[in-house]
Amino acid sequence: MTPFSIRNASSPQGAVDALSAHDNARYLAGGTTLIDLMKLGVEKPTTLVYVDDMPGLGAIEVVRDGSLRIGALARMSQVADDPRVKAGWPMVSQALWKAASAQLRNMASIGGNLLQRTRCPYFRDTAFAHCNKRVPGSGCDAMDGHNRENALLGTSSNCIALHPSDLCVALTALDARVETLSRDGPRVLPFDALHLLPGDRPHVENALRPGELVTAVVVPGSAAARRSLYLKVRDRQSYQFALTSVAAGLDLEPDGSVRDVRLGLGGVATKPWRALAAEKFLVGHRIDEATAFEAGRRAMEGAVARKGNAFKVELMHRTVVDALLQLARAESIS
Ligand SMILES: Cc1cc2nc3c(=O)[nH]c(=O)nc-3n(C[C@H](O)[C@H](O)[C@H](O)COP(=O)(O)OP(=O)(O)OC[C@H]3O[C@@H](n4cnc5c(N)ncnc54)[C@H](O)[C@@H]3O)c2cc1C
């Protein structure tokens, strides 16, 4: 591991100032992504700004307009287990419950979850020479290599690394917002604007400015958020990243047709993915096997499959169908 020093931040402004004062510095929260990557030699910061002890950023609140506001330092387990989250935003609670392990969920923060990095083996293992994300311009060994866990949507000719977060799939489906603080002051980003497609610069993963600190995530309340679920398909039933996952929310008219539907996809894309074409198709239709099947097909339109991950086209199709049919049958999900 490259030698580094640690600065403790006691306030968000102090954290921003400390990070901005050092080249090659990173925020350290729970450390469950960053310390791993430092041990692997992928990340080599020379200064860590420890934010985990800062007071005031760990709160979970339902604010006046009915939105859920989650402080960036809330633990994954705290949010997953909060009765207000379970009742009003089940897909958020379930996405967190189904992520990582109990120990990791107790340690890891919401801000860190948003900014965790890909699990692509060619990115994480420095023995591989060609990874445009780790070494810009070096190529991409995943294209023709072991790409079973890599992305099919949002890819470019430079990178097919998958975005791994479960929580982010639910947040994109529910039109969340991200609150931040930087030297330019506070700002709010639509969740969809936080993560960037790889394009020809896969090493630039998010829209945060240098030194910008995530302070909170705000998730609007809605009928579709209340009637929602997170379905995750994986090689084993716990402690495993998604092969495919769907964050689905549904609001029906009195006649049973769809008034509002939300479909976030995980395990298949380079950033948290919203299946907008499938959502658009479903509005005004009743959900039955035929409409769910068509929505599943539309969800994967534009997918670019590789040898190892082609099975995910069919698997995601079925995951969408299953999620929609479960939701349509459910009186209420909690
Ligand atoms: C074995 C294992 C299995 C896992 N399985 C899953 C899974 O199934 N699903 C899933 O979703 N995740 C999974 N994870 C990932 C885990 O959820 C993340 O590691 C965790 O959420 C990161 O949070 P942290 O507080 O530890 O972040 P850290 O490691 O401290 O930070 C991660 C990154 O975010 C930056 N950062 C942290 N906080 C802020 C902030 N407030 N503002 C700006 N930047 C910040 C850091 O600089 C760093 O770059 C797994 C991890 C491991 C190790």
Side-chain angles (χ1 to χ4, degrees), residues 4 6-7 9 11-12 14-16 18-20 22 24-40 42-45 47-54 56-58 70-80 92 94-119 124 149 162-172 178-182 186-187 189 194-195 203 205-217 230 232-245 247 264 266-267 272:
F4 58 90
I6 297 197
R7 302 274 180 279
S11 70
V16 169
L19 200 101
S20 307
H22 295 90
N24 195 18
R26 300 276 190 288
Y27 292 123
L28 176 66
T32 63
T33 285
L34 184 56
I35 300 294
D36 261 10
L37 292 175
M38 289 169 66
K39 286 183 186 164
L40 291 169
V42 174
E43 293 253 24
K44 295 175 183 167
T47 305
L48 297 180
V49 176
Y50 186 60
V51 293
D52 227 27
D53 280 346
M54 288 187 314
L57 287 194
I70 309 171
L73 294 182
R75 300 298 103 177
M76 289 170 70
S77 53
Q78 237 183 310
V79 182
V92 171
Q94 292 168 20
L96 287 164
W97 273 122
K98 293 177 181 176
S101 65
Q103 292 90 338
L104 284 159
R105 293 192 296 269
N106 286 337
M107 189 76 193
S109 68
I110 295 299
N113 189 283
L114 266 47
L115 295 162
Q116 65 176 289
R117 305 197 66 191
T118 185
R119 313 299 288 193
R124 288 174 62 85
E149 283 86 30
L162 187 78
H163 190 276
S165 164
D166 289 297
L167 172 65
C168 290
V169 179
L171 296 180
T172 198
V178 183
E179 295 181 356
T180 68
L181 182 70
S182 73
R187 68 168 175 149
L189 282 91
L194 177 65
H195 300 98
H203 58 291
E205 295 176 351
N206 61 62
L208 295 182
R209 297 170 182 156
E212 193 161 8
L213 179 76
V214 172
T215 50
V217 177
Y230 187 74
K232 180 172 177 179
V233 179
R234 41 191 162 166
D235 282 328
R236 58 174 184 229
Q237 271 309 309
S238 83
Y239 200 17
Q240 189 79 33
F241 287 93
L243 288 173
T244 57
S245 68

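These numbers come from a predicted model, not from an experiment. First listed ligand is number 1; within each ligand, the first listed atom is number 1.
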Chemist: Any donor and acceptor pair, going by atom type alone, linking the side chain of Lys232 with main-chain N or O of Lys98 inside 3.5 Å?
Modeler: yes
Chemist: Identify the protein heavy atom lying closest to atom 27 (O) of ligand 1, giving its residue, its atom name and the separation to 0.1 Å.
Modeler: Gly112 CA, 3.3 Å
Chemist: Would Val217 and Ile110 count as a side-chain contact (heavy atoms from CB on, under 4.5 Å) here? Give the steps.
Modeler: CA-CA 8 Å; Val217 177; Ile110 295 299; 4.1 Å; yes
Chemist: Could you check whether any side-chain N or O of Thr172 sits under 3.5 Å from a backbone N or O of Cys168, counting only pairs where one atom can act as donor and the other as acceptor?
Modeler: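 No, because the side chain of Thr172 does not come within donor-acceptor range (under 3.5 Å) of the backbone of Cys168.
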Chemist: Between Thr118 (side chain) and Leu162 (backbone), is there a donor-acceptor pair under 3.5 Å?
Modeler: yes
Chemist: For atom 20 (C) of ligand 1, find the nearest protein heavy atom and state the residue, atom name and distance (0.1 Å precision).
Modeler: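 Looking at atom 20 (C) of ligand 1, the protein heavy atom closest to it is Thr32 OG1, 3.2 Å.
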Chemist: What heavy-atom pair brings Gln240 and Asp235 nearest, and what distance separates the two atoms?
Modeler: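 Shortest heavy-atom separation between Gln240 and Asp235 comes out as CG-N, 4.0 Å.
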Chemist: Side chain or backbone, does Glu43 bring an N or O within less than 3.5 Å of an N or O on ligand 1?
Modeler: no
Chemist: Using only atom types and a distance under 3.5 Å, with no angle test, would you say the side chain of Lys44 pairs donor to acceptor with the backbone of Met38?
Modeler: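 Absent.
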Chemist: Heavy-atom distances under 4.0 Å are what count here, so tell me which part of Leu104 touches ligand 1: side chain, backbone, both or neither.
Modeler: side chain
Chemist: Quick test: of every protein heavy atom, which one is nearest to atom 11 (O) of ligand 1, and how far off is it to 0.1 Å?
Modeler: Asp166 N, 2.9 Å
Chemist: Do NZ/NE/NH1/NH2 and the carboxylate oxygens of Arg119 and Glu149 come within less than 4.0 Å?
Modeler: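 Glu149 and Arg119: not salt-bridged.
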Chemist: Report yes if Ala100 has an N/O atom closer than 3.5 Å to an N/O atom of ligand 1; otherwise report no.
Modeler: yes
Chemist: Taking the side chain from Asn113 and the backbone from Met76, do they hold a donor-acceptor pair closer than 3.5 Å?
Modeler: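 Not at all, since once roles are kept as given, no pair shorter than 3.5 Å links the two residues.
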Chemist: Tyr239 heavy atoms, cut-off 4.0 Å: which ligand 1 atoms fall inside?
Modeler: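 Per the distance check, 1 (C), 3 (C).
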Chemist: Ignoring hydrogens, what is the shortest heavy-atom contact between Ala9 and Met54? Give both atom names and the distance.
Modeler: O-CG, 3.1 Å
Chemist: Between ligand 1 and Met76, is the shortest N or O to N or O distance under 3.5 Å?
Modeler: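 No: no nitrogen or oxygen of Met76 is under 3.5 Å from one in ligand 1.
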Chemist: Which of the atoms in ligand 1, numbered in the order shown and given with their element, are less than 4.0 Å from a heavy-atom of Ser165?
Modeler: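 Answer for ligand 1: 11 (O).
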Chemist: Give yes or no for whether the N/O distance cutoff of 3.5 Å, strictly under, is met between Gly31 and ligand 1.
Modeler: yes
Chemist: Give the intermediate values and the outcome of side-chain contact (heavy atoms from CB on, under 4.5 Å) for residues Met107 and Thr32.
Modeler: CA-CA 7 Å; Met107 189 76 193; Thr32 63; 3.7 Å; yes
Chemist: Leu34 heavy atoms, cut-off 4.0 Å: which ligand 1 atoms fall inside?
Modeler: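 Selected atoms, number and element: 29 (O).
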Chemist: Please list, in number order, the atoms of ligand 1 under 4.0 Å from a heavy atom of Asn113.
Modeler: 11 (O), 17 (O), 21 (O), 22 (C), 23 (O)
Chemist: Does any N or O of ligand 1 fall below 3.5 Å from an N or O anywhere on Ala108, backbone included?
Modeler: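 Ala108 vs ligand 1: no N/O contact under 3.5 Å.
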Chemist: State whether Asp166 and Arg234 are salt-bridged, where the test is any N-O pair (Lys NZ or Arg NE/NH1/NH2 against Asp/Glu carboxylate O) under 4.0 Å.
Modeler: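 Answer for the salt bridge query: no.
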Chemist: Under 3.5 Å between any N/O of Thr33 and any N/O of ligand 1: does that happen in this structure?
Modeler: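 So ligand 1 has an N or O lying under 3.5 Å from an N or O of Thr33.
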Chemist: Non-hydrogen atoms of Gln240 versus ligand 1: any pair closer than 4.0 Å?
Modeler: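 Flag set, Gln240 near ligand 1.
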Chemist: What atoms in ligand 1 come closer than 4.0 Å to a heavy atom of Ala99?
Modeler: 7 (C), 8 (O), 9 (N), 10 (C), 11 (O)
Chemist: Taking only residues two or more places apart in sequence, or in another chain, which ones meet Ser182 in a side-chain contact (heavy atoms from CB on, under 4.5 Å)?
Modeler: Asp184, Arg209, Glu212
Chemist: Considering both backbone and side-chain atoms of Val214, is one of its nitrogen or oxygen atoms within less than 3.5 Å of a nitrogen or oxygen in ligand 1?
Modeler: yes
Chemist: Would you mind running through ligand 1 and noting each atom that sits below 4.0 Å from a heavy atom of Leu213?
Modeler: 40 (C), 41 (N), 42 (N)
Chemist: Can you confirm, on distance only, whether ligand 1 has an N/O atom lying under 3.5 Å from any N/O atom belonging to Lys232?
Modeler: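 Yes - when backbone and side-chain N and O of Lys232 are compared with those of ligand 1, one distance drops under 3.5 Å.
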Chemist: For the pair Arg117 and Glu43, find out whether any cationic side-chain nitrogen is under 4.0 Å from an anionic carboxylate oxygen.
Modeler: yes
Chemist: Any idea which protein heavy atom is nearest atom 45 (C) of ligand 1, and the distance to it?
Modeler: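 Going atom by atom, the protein heavy atom closest to atom 45 (C) of ligand 1 ends up being Leu115 CD1, 3.6 Å.
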Chemist: What protein heavy atom sits nearest atom 50 (C) of ligand 1, and how far off is it?
Modeler: Phe241 CZ, 3.4 Å
Chemist: Between Gly30 and ligand 1, is there a nitrogen or oxygen pair with a distance under 3.5 Å?
Modeler: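 There is such a contact, yes.
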Chemist: Work out which heavy atom in Val16 is nearest to a heavy atom in Tyr27; give both atom names and the distance.
Modeler: CA-OH, 3.4 Å
Chemist: Do any nitrogen or oxygen atoms of Asp36 lie less than 3.5 angstrom from nitrogen or oxygen atoms of ligand 1?
Modeler: no
Chemist: How far is atom 25 (O) of ligand 1 from its nearest protein heavy atom, and which residue and atom is that?
Modeler: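 The closest one turns out to be Ser109 OG, 2.7 Å.
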Chemist: What protein heavy atom sits nearest atom 47 (O) of ligand 1, and how far off is it?
Modeler: Tyr27 O, 2.6 Å
Chemist: Before you tell me yes or no, could you show the steps for Trp97 and Arg105 under side-chain contact (heavy atoms from CB on, under 4.5 Å), namely the whole-Å CA-CA distance, both residues' side-chain angles and the distance that decides it to 0.1 Å?
Modeler: CA-CA 8 Å; Trp97 273 122; Arg105 293 192 296 269; 3.9 Å; yes
Chemist: I need the nearest protein heavy-atom contact for atom 15 (C) of ligand 1: residue, atom name and distance, please.
Modeler: Gln116 OE1, 3.3 Å
